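Inspection log for the structure reproduced underneath, given as structure tokens.
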Amino acid sequence: PRVTGTVTLGNNTTLGGFNITGFAGLGVFGTGLRNVTIQDNVITALGGNDGIVLDGNLTGAVTIRRNAIGTGTKLGMFVAPGQAVATPLTIDISNNTVQNTTDTGIRVQPGGNTTATATIANNTVTNTTFIGIDAISESNSPFRVQIDNNQVNNVQSPGGARIGIRVISATAQMFASVTNNRVANPNAYIPNAQVEYEIVSLGTGTLCSRLLNNTASLSGYEFRRLSG
């Protein structure tokens with residue numbers, strides 16, 4: 001089925017098999033949800049709007065898999081749980097294709113008191129802007145993320161950052177496993193601007209990272225410790 005407006009999700013919902021296109025706002029949106037699955041959809045936009053946005057007091061399981069998110073979108077997908085009271089949350093973002101976005105391809109950014117475990121695996125991200133895959137922990141949000149077997153190609157930006165995969169622990173504890181990924185980014189290395197993998201501990205954040213079997217076309221890893 002074809003949908004030309006925003007799809008707003010409710011609790012315990014599965015959205016599957018839709019062609020969501022030409023929307024004026026967000027493609028798929030949900031806030032404060034419990035147990036949501038978004039799978040096997042095609043999402044394209046007009047005018048640079050975000051493809052998938054889930055935020056607020058997310059709990060239970062968030063599953064985003066086998067979607068094709070493409071031309072015309074700003075952020076491909078943005079998952080930003082902000083729990084007031086810590087409740088277990090699992091996030092599975094896998095086997096998606098994201099391409100031709102005007103901002104980051106995939107971003108997961110827990111805040112508030114969220115306790116989240118995320119898997120970002122087997123995705124292909126091509127021709128995005130600024131960052132291919134971005135995982136950020138902030139506020140009081142302990143975050144475990146596995147970023148595995150993704151392909152990121154040709155991150156672009158007019159005068160800004162071009163980063164394939166980025167991990168940031170801002171003010172919380174974070175464990176990040178970054179394994180078996182491939183980044184092909186045809187840009188010469190510029191510190192904090194053009195790099196395949198960037199690992200950042202910021203402010204009071206603490207970060208434990210496991211990096212294994214990743215490949216890069218040019219520069220490889222950049223590690224940064226910032227005061228805030």
Side-chain angles (χ1 to χ4, degrees), residues 54-55 58 62 64 75-82 89-94 96 98 101 103-112 114-126 128-153 155 157 160-185 187 189-228:
L54 302 176
D55 63 15
L58 302 174
V62 170
I64 304 173
L75 283 163
M77 61 181 76
F78 183 33
V79 180
L89 171 67
T90 61
I91 301 167
D92 176 11
I93 299 175
S94 58
N96 300 282
V98 181
T101 66
D103 206 317
T104 297
I106 298 171
R107 175 173 292 156
V108 180
Q109 187 171 348
T114 303
T115 300
T117 301
T119 299
I120 305 172
N122 305 310
N123 301 286
T124 300
V125 180
T126 304
T128 59
T129 305
F130 302 121
I131 301 165
I133 296 173
D134 204 12
I136 304 171
S137 180
E138 61 182 9
S139 301
N140 187 33
S141 301
F143 186 25
R144 298 181 66 89
V145 59
Q146 180 179 11
I147 303 173
D148 181 66
N149 198 38
N150 299 282
Q151 175 77 50
V152 178
N153 305 308
V155 179
S157 176
R162 299 178 178 95
I163 299 170
I165 295 174
R166 184 176 72 170
V167 171
I168 298 179
S169 175
T171 56
Q173 294 181 338
M174 186 175 188
F175 177 81
S177 176
V178 182
T179 57
N180 305 307
N181 300 284
R182 300 165 303 283
V183 177
N185 205 14
N187 302 291
Y189 173 63
I190 298 176
N192 192 33
Q194 293 179 178
V195 63
E196 277 87 358
Y197 302 90
E198 186 175 56
I199 312 298
V200 181
S201 179
L202 174 64
T204 59
T206 58
L207 172 62
C208 177
S209 57
R210 176 177 180 261
L211 311 171
L212 182 67
N213 293 334
N214 300 291
T215 62
S217 58
L218 288 175
S219 56
Y221 297 107
E222 180 179 74
F223 299 90
R224 307 180 70 215
R225 176 73 177 98
L226 303 176
S227 60

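The structure presented is a predicted model; accordingly, all values stated were derived computationally and were not measured.
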Over all heavy atoms of both residues, which pair between [X] and [Y] is shortest? Give the atoms and the distance, please.
X    : Y    : answer
A176 : V167 : CB-CG1, 3.7 Å
T206 : S169 : O-OG, 3.1 Å
G220 : E196 : N-OE1, 3.0 Å
V195 : E222 : CG2-CB, 3.8 Å
Q173 : S137 : O-OG, 4.0 Å

Does V155 form a side-chain contact (heavy atoms from CB on, under 4.5 Å) with T129? I'd like the steps, not just the answer. CA-CA 5 Å; V155 179; T129 305; over 6 Å; no
Nearest-0.5 Å distance that lies between atom CZ in R144 and atom OG1 in T119: 10.5 Å
Please round to the nearest 0.5 Å and tell me the distance separating atom CG of L202 and atom CE of M174. 12.0 Å
Could you tell me whether the side chain of [Y] reaches within less than 4.5 Å of the side chain of [X], counting heavy atoms only?
X    : Y    : answer
F130 : D103 : yes
N153 : T124 : yes
L211 : F223 : yes
D92  : V62  : no
I106 : N123 : yes
R107 : M77  : no
Q109 : F78  : yes

Could I get the full list of side-chain hydrogen bond (donor to acceptor under 3.5 Å, both in side chains) partners for N149, not counting sequence neighbours? N122, R182
Can you name the side-chain hydrogen bond (donor to acceptor under 3.5 Å, both in side chains) partners of N214, sequence neighbours left out? N181, Y221
From CA spacing to verdict: side-chain contact (heavy atoms from CB on, under 4.5 Å), T101, L75: CA-CA 6 Å; T101 66; L75 283 163; over 6 Å; no
Worked check of side-chain contact (heavy atoms from CB on, under 4.5 Å) between V108 and F143: CA-CA 10 Å; V108 180; F143 186 25; 3.8 Å; yes
Among I91, T114, L89, which residue satisfies the side chain to side chain contact (heavy atoms under 4.5 Å, CB included) criterion with L58? L89
Residue of the set I136, I133, V178, I199 for which side chain to side chain contact (heavy atoms under 4.5 Å, CB included) holds with R166: I136
Could you give me the CA-CA distance, side-chain angles and deciding distance for V183 and I165, then say whether side-chain contact (heavy atoms from CB on, under 4.5 Å) is met? CA-CA 8 Å; V183 177; I165 295 174; 4.2 Å; yes
Do any N or O atoms from the side chain of S141 and from the backbone of G112 form a donor-acceptor pair under 3.5 angstrom? yes
Answer yes or no: is there a donor N or O on one side and an acceptor on the other, between the side chain of S139 and the main chain of G111, under 3.5 Å? no
Considering residues at least two apart in sequence or located in another chain, which fulfil the side-chain contact (heavy atoms from CB on, under 4.5 Å) criterion with T179? D148, S177, R210, L212
Using a 6.0 Å cut-off, check whether atom CD of Q151 has over 12 heavy atoms from anything other than its own residue. yes
